[in-house]
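Everything below concerns the one structure shown next.
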Number of protein chains: 2
Amino acid sequence: MSNSLTTKQEELIEKIGVFHEQRGMQPLMGRILGLLMVLEDAEATFDEIVEKLQVSKSAVSNALNFMQVKNFIAYRTKIGDRKRYFYLRMGENWETDLTHEIMELTKINDFFKEVLELRSNKHPEFNKNLTCISEFLEFFKEQVPVLLEKFKNKKN
Amino acid sequence: MSNSLTTKQEELIEKIGVFHEQRGMQPLMGRILGLLMVLEDAEATFDEIVEKLQVSKSAVSNALNFMQVKNFIAYRTKIGDRKRYFYLRMGENWETDLTHEIMELTKINDFFKEVLELRSNKHPEFNKNLTCISEFLEFFKEQVPVLLEKFKNKKN
DNA sequence: TTTCTAGTTCACCAAAAAAAGAACCAAAAT
DNA sequence: ATTTTGGTTCTTTTTTTGGTGAACTAGAAA
């Protein structure tokens, strides 16, 4: 039984929770992400999550399973211990995940292209603007991996 | 009274709506964004929005006001006509808006920094990873405007 | 002055989302 | 063999959300 959260930790978990919530994530999931980030051990068992976040087992079960499918978290086990130790997937491949997530933003561009397809030339100014934004998003998308490379070089 | 939407237009509006909805935006707002993008005139009056999206005046009123505060849309008026013609704010300063929105993504970094502040060195590997991600986000944030400049140069 | 137009505000409601709780299950421990 | 542990699943309840519709308002028109 690990010791309980400090007020600072609790507050930070809630803030991180709200942040994700506002971006369309389910409330409890955001809080679990916060918890796993804030905990000294950087991991927690099922029951620790239930206890520290004061939520039901079913809610935790559903949230954890969903987040595993989404590759947000994973778990490890220890010999002679049936518990699952959940942790944030932040190891070697955070880069791919993060750039992938950044590029999610450019998905709107697929719709922009569809819109441009559908529009006549009644309002060329608008079309020109939209085309420009679309082109930038295209450019942006291909530059994100480049940016990552630059960053890695800079670090070494 | 402008003519009504084609099936293609309606479907695209809904798809754009769902896209935004999944990212935490209220359903109607996403649909209004879709509508204003898809309409040939690239603008619509209050009543046209009510009519074309088949929603109540109050819902439209709230959505429009919110979106104006958020700078997603604006309206113009015409002499001798009290109606407001709402349109997407995509004119001259789409660049600032878009880069601003892209950089929204890096807001999570504020929390990462707070987390790092709070964490001891019990789990240095985790801290190292988180620091690295945080540094990348920092780098990314400052590179977005650079990317925009590059894009503009490339166009000219 | 009264009526109309273009919206706003607010009390209310339905549906969806989120969580709770009980029953359940499989593997391990006693 | 039966109890405990570590969860899962299913149904029910609670909470939140998104939207409706009626009443209202300010300015323009008749």
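So you know, we letter chains A, B, ... as the sequences are listed, proteins then strands, and number each from 1. Small disclaimer: the values here were computed from a predicted structure and weren't measured.
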Would you kindly give the [atom1]-to-[atom2] distance between [X] and [N], to the nearest whole Å?
X       : N      : atom1 : atom2 : result
B:Met25 : D:dG18 : CE    : P     : 11 Å
A:Phe66 : D:dT9  : CZ    : P     : 15 Å
B:Asp81 : D:dA28 : CG    : P     : 13 Å
B:Phe46 : C:dG7  : CZ    : P     : 6 Å
A:Met67 : C:dA18 : CE    : P     : 13 Å
B:Lys78 : C:dA6  : NZ    : P     : 13 Å
B:Glu21 : C:dA17 : CD    : C1'   : 12 Å
B:His20 : D:dT17 : NE2   : C1'   : 19 Å

Would you mind checking if [Y] and [X] are paired as a salt bridge, meaning a charged N to carboxylate O distance below 4.0 Å?
X        : Y        : answer
B:Glu114 : A:Lys15  : yes
A:Glu138 : A:Lys141 : no
A:Glu48  : A:Lys83  : no

*asked:* At under 4.0 Å between heavy atoms, how does the protein contact nucleotides 19-30 of chain C? Give one character per nucleotide, 5' to 3', with B, S or -.
replied: SBB-----BS--
*Is NZ or CZ of B:Arg84 both nearer than 6.0 Å to the six-membered ring centre of B:Phe86 and within 45° of the ring axis?*
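Checked: cation-pi criterion not met.
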*Go through the structure and list residues passing side chain to side chain donor-acceptor pair (under 3.5 Å) with B:Glu11, not counting sequence neighbours.*
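Checked B:Glu11 against side chain to side chain donor-acceptor pair (under 3.5 Å); zero matches.
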_Using 30° and 60° as the class boundaries, would you call the ring planes of B:Phe139 and B:Phe136 parallel, tilted or perpendicular?_
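Rings of B:Phe139 and B:Phe136: tilted, as their planes differ by 30° to 60°.
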